[in-house]
Amino acid sequence: MIRGPFGMADQPVEPHIFIILGATGDLTRRKLLPALYRLRDQGVLEKRNTLIVGAALPEIGEEGFRLWAFEGLRKAGWPSDKALRAWCEECLYYHALPTGNEQDYEALAAYVRRLERMHGLPENRVFYLALPPAAVPDAIEGLDHAVLLKSHGWVRVVVEKPFGHDFHSARALNTLLHRYLEEPQIYRIDHYLGKETVQNLLAFRFANPIFESLWNRNTVENVQITVAEDIGVEHRGAYYQQAGALRDMVQNHLTQLMTVVAMEVPVSFEAGAIQAERLKVLHSVSPIAREDVVFGQYTAWQIAGHTIKGYREEAGVPGDSLTETYVALKVDINNWRWKGVPFYLRTGKRLPRKLTQVAVTFREAPTQVFRSLEPGSIARNKLVITLQPSEGFSLCFSVKSPGRPFRLADHALHFDYEKAFGQLPEAYETLLRDIMIGDQTLFVSAEFTETAWRLYDPLLQGEKTIHFYTAGTWGPSEADELVARYGHQWQLGW
Ligand code: BG6
């Protein structure tokens, strides 16, 4: 059964074993363990309802894994107190898969069943595949071989992004998953959907008729989605070289954001209804024209005797790489609501600062009353939804400056989620809890991944023209020219 999140906030987590394959990797330490521990802090996870089993190649043993996890959580800011020690000792288990062959999976199955018996747990299992994409098919086959995907309870499998590297590989992965699992058992993660603001966007749009009634081509002039990062590719050069920004960010995170902004009102807040509306948006997108896409790559930047490396100098990246670290593009959604309203998407690494925002610019006031003012002096109304670094909304409007001569000034009403509600949950915390209670609203369906790949695949074929930009700038000037061609400019902040 697919269920929705709204109105089921108190749904308890049923006793289960949460098995992480690839448990000694970066994702587990940076995201999964902190999210699990926060859920424990909130009383959602307890020893009696959730045991966490790490499984990975290294033979580090249970003690080694617990120590590694303890250190990771301590470094992430938790005090090394009794509660943290007790959680690591009582809730974390480890089983090595040294060769990744069938015998390893049989041994893992025996180990999981033993734990279930010892702790009186039903056969409810989550398998979180925190694995590089190439290792996912073997892991699925291994789990099936050891009959871990069949049980007297429920089984859920979580697949991280990237989900395939093009349409055909995504379809092949879906076919493999569907051989052993039903779609409601498969949780394809896109952590952007777990971000609080993305969920709030639904509430904001559909609970506030003043905005929903303006949310269409009659009043909206353009929509911009910016996901800017100040970091480079860090230690992931080899992965990134194969992926590039289009695969790494646009096909998933930015596309998800776009569909949440553009979707129609669902018939209910059930997962299936919301997923169906998001998918309809994708089906309405026209093929993206090559001339509406700008690819960029960062080059080195020297400042005060300090050098920030260019992409081609990063470890694991060839010196003549043509992989893009920046993409800007225009998407046309050909439906009743949005026809004629460009959606501009852009993302890049090594930009001046981290900023994730959706900027909705409304049309100009259709009046001559201010014609005596300088042309362009009346700013458009804008709604700027910020996801990072802080989460909130700004609604921008024009007011009269006091006194004479008559002049207009731009101001904004701001809403800051943290100021209003305190610390917000992390995306992984929300998503892990949803997996545990069986709620697929914030996950990606098989059809969505394939449809998104179909949209971007043509842009991945053939030679790309790469425009270089210096690290620390807002990307290549060709991206400014792209929006300028349609009479627009990029929004930054409000
Ligand atoms: C990941 C990408 O999915 O998202 C990374 O692989 C990127 O390249 C990251 O840095 C950005 O996530 P966030 O939540 O920090 O915006």
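Remember, it's 1-based here, ligands and their atoms both numbered in the order they're listed.
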Tell me which one of Glu229, Lys354, Glu426 gets a heavy atom nearest to atom 15 (O) of ligand 1.
Lys354
Considering non-hydrogen atoms of the protein only, which is the closest contact for atom 16 (O) of ligand 1, and what is the distance?
Tyr192 OH, 2.4 Å
Does the side chain of Tyr187 pick up a donor-acceptor pair with the side chain of Asp434 at under 3.5 Å?
no
For the aromatic rings, using the six-membered ring if either is Trp, is the centroid distance between Tyr456 and Phe167 under 6.0 Å?
no
Any N or O of Lys349 closer than 3.5 Å to N or O of ligand 1
yes
Ligand 1 atoms in contact with His253 (distance to a heavy atom under 4.0 Å)
1 (C), 3 (O), 4 (O)
Does Lys31 count as lying over the ring of Tyr428, i.e. NZ or CZ under 6.0 Å from the six-ring centre, within 45 degrees of the axis?
no
Closest to atom 8 (O) of ligand 1 among Arg236, Met249, His191, Lys161 (heavy-atom distance):
Arg236
So is Asp248 close enough to ligand 1, meaning a heavy atom under 4.0 angstrom away?
yes
Is it true that Gln357 and Thr226 share a donor-acceptor pair across their side chains at a distance under 3.5 Å?
no
Is the closest N or O pair between Gln388 and ligand 1 shorter than 3.5 Å?
yes
Indicate the ring-plane relationship of His16 and Phe18, choosing parallel, tilted or perpendicular according to the 30° and 60° boundaries.
perpendicular
Quick one: sort the Tyr311 and Tyr298 rings into parallel, tilted or perpendicular, breaks at 30° and 60°.
perpendicular
